[in-house]
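Everything on this sheet refers to the single structure shown next.
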Amino acid sequence: MALLTPLFAFLYHLPQVYKWLLKPYYIASLFMCLAFLFIRKTPGICEHLSTQREDGDSCEFDWREVEILMFLSAIVMMKNRRAITVEQHVGNIILFCKVANVILFFRLDIRLGLLYLTLCIVFLMICKPPLYMGPEYIKYFNDKTIDEELEKDHRVTWIVEFFANWSPECQSFASVYADLSLKYNCAGLKFGKVDIGRYSEVSKKYKVSTSPLSKQLPSLVLFQGGKEVMRRPQVDKKGRAVSWTFTEENIIREFNLNELYQKSKKLSKTKGEKNERPSESQFAPVPEEEEPEAETISAMDTESKKDK
């Protein structure tokens, strides 16, 4: 049953996976990952390659190539144990496939190795992984609007993600953060994002380093009353980020999202009641009707009797 559940989930999302994988970035990455296999197995090309096989068949993998592929496959499996999204799994596979191809090409021919390494660098510079374009309840800030929005209403709790578009970790986390915004967004609990790769002043003010070596991307910061309450990952005294896994379960637990959501729902109800309740100044007071006095009633009864 443990194996059937993820299999059924994969089959259910298969149309979305196909649509996602057919984007130019992943198609080009697939060809680059299969480059060495294509060179080694294509008739007319493989015959001119060197080999260390005893039978001299240059169209088959030799023992050293198999060893390199098995070693890098083990690294991919270990790396994917910490992956939380499909994007991370695929990204790890693409990364280590390219590393394996670089090693294999350099071992085969230094000229092929240099050519493939150059292609990888060019591909990295001109082609970026596709950004998440799914549904979300997230407000995007710039260097001017973030402070204004945090100070606008101190009753509102904000969870803000500091990210950079070039970071693979931020790209793979985008779908997780969007899913959390769909589940927990309300009038008193809101989600925001700011691209500190673009707005460097924001990164300096909120002390989030954009260096790939700092491991602070992405960073989630909880603001209450316009002030920072907590952040993940935490930063030690030396300015280094403490390792932390950005899974949905960890975020819900660490940020107490269920409790925050319940409190925020009460705030939204209070706001709704205030908006629906009419103010006294909008309507003029309605005068009360005076009851007729007892003497007047008795006189009216006497006159009606005389008429009869």
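By convention here, the first residue in the shown sequence is residue 1. Just so we're clear, the structure is a prediction, and the values are computed from it rather than from any experiment.
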Evaluation steps, salt bridge (charged side-chain N to carboxylate O under 4.0 Å, His left out), between D147 and K205: CA-CA 11 Å; D147 295 329; K205 180 175 181 179; 2.7 Å; yes
Under the criterion salt bridge (charged side-chain N to carboxylate O under 4.0 Å, His left out), I'd like the reasoning laid out for R107 against D62: C-alpha separation, chi angles, the key distance, then a yes or no. CA-CA 12 Å; R107 181 177 173 274; D62 59 42; 3.3 Å; yes
Is there a side-chain hydrogen bond (donor to acceptor under 3.5 Å, both in side chains) between Q234 and R240 once you walk through the steps? CA-CA 8 Å; Q234 293 177 316; R240 296 176 299 186; over 6 Å; no
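In terms of heavy atoms, Y177 sits closest to G192 at OH-O, 2.9 Å. The shortest non-hydrogen separation linking V102 to L117 is CG2-CD1, 4.4 Å. Between I146 and V202, the shortest heavy-atom distance links the atoms CD1-CG1, 4.4 Å. Across every non-hydrogen atom of S172 and S175, the tightest pair is O-OG, 3.7 Å.
Between the E169 side chain and the P218 main chain, no donor and acceptor come within less than 3.5 Å of each other. Panel note: side chain S209, backbone S211; a donor-acceptor pair is recorded below 3.5 Å. No donor-acceptor pair under 3.5 Å is formed between the side chain of S167 and the backbone N or O of A164. No donor-acceptor pair closer than 3.5 Å links the side chain of S29 to the backbone N or O of Y26. A donor-acceptor distance shorter than 3.5 angstrom exists from the side chain of Y116 to the backbone of M32, with no hydrogens or angles considered. Q262 places no side-chain N or O within 3.5 Å of a backbone atom of E259 that could act as its donor or acceptor partner. Between the side chain of N250 and the backbone N or O of F246 there is no donor-acceptor pair closer than 3.5 Å. At distances below 3.5 Å, at least one donor-acceptor pair connects side-chain atoms of N101 with backbone N or O atoms of C33. Using a distance-only test at 3.5 Å, with no hydrogens or angles considered, no donor-acceptor pair links the side chain of T51 to the main chain of G56.
For the 3.5 Å distance criterion, the side chains of N258 and Y184 qualify, holding a donor opposite an acceptor. No side-chain donor from either of Q216 and S214 sits under 3.5 Å from a side-chain acceptor of the other.
A cation-pi arrangement is absent between K193 and F141, since the terminal nitrogen or guanidinium carbon is not both under 6.0 Å from the aromatic centre and inside a 45° cone about the axis.
Surrounding OH of Y25 are more than 12 heavy atoms belonging to other residues, nucleotides or ligands, all under 6.0 Å away. For NZ of K152, the number of neighbouring non-hydrogen atoms (other residues, nucleotides, ligands) closer than 6.0 Å is 12 at most. Environment of CZ in R198: sparse, with no more than 12 heavy atoms of neighbouring residues, nucleotides or ligands closer than 6.0 Å. Within a 6.0 Å radius of CD in E47, more than 12 heavy atoms belonging to other residues, nucleotides or ligands are found.
A salt bridge between E67 and R64 is present, with a side-chain N of the basic residue lying under 4.0 Å from a carboxylate O of the acidic one.
No option in R53, Q52, R40 other than R40 meets the side-chain hydrogen bond (donor to acceptor under 3.5 Å, both in side chains) test with E65.
Applying the ring pair (Phe, Tyr, Trp, His ring centres under 6.0 Å) rule to pairs touching residues 220-243 yields Y206-F223, sequence neighbours excluded.
In this structure, C127 has no disulfide bond (SG atoms under 2.5 Å apart) partners at least two apart in sequence or on a different chain.
Side-chain rings of Y137 and F191 stay apart, their centers remaining 6.0 Å or farther from each other.
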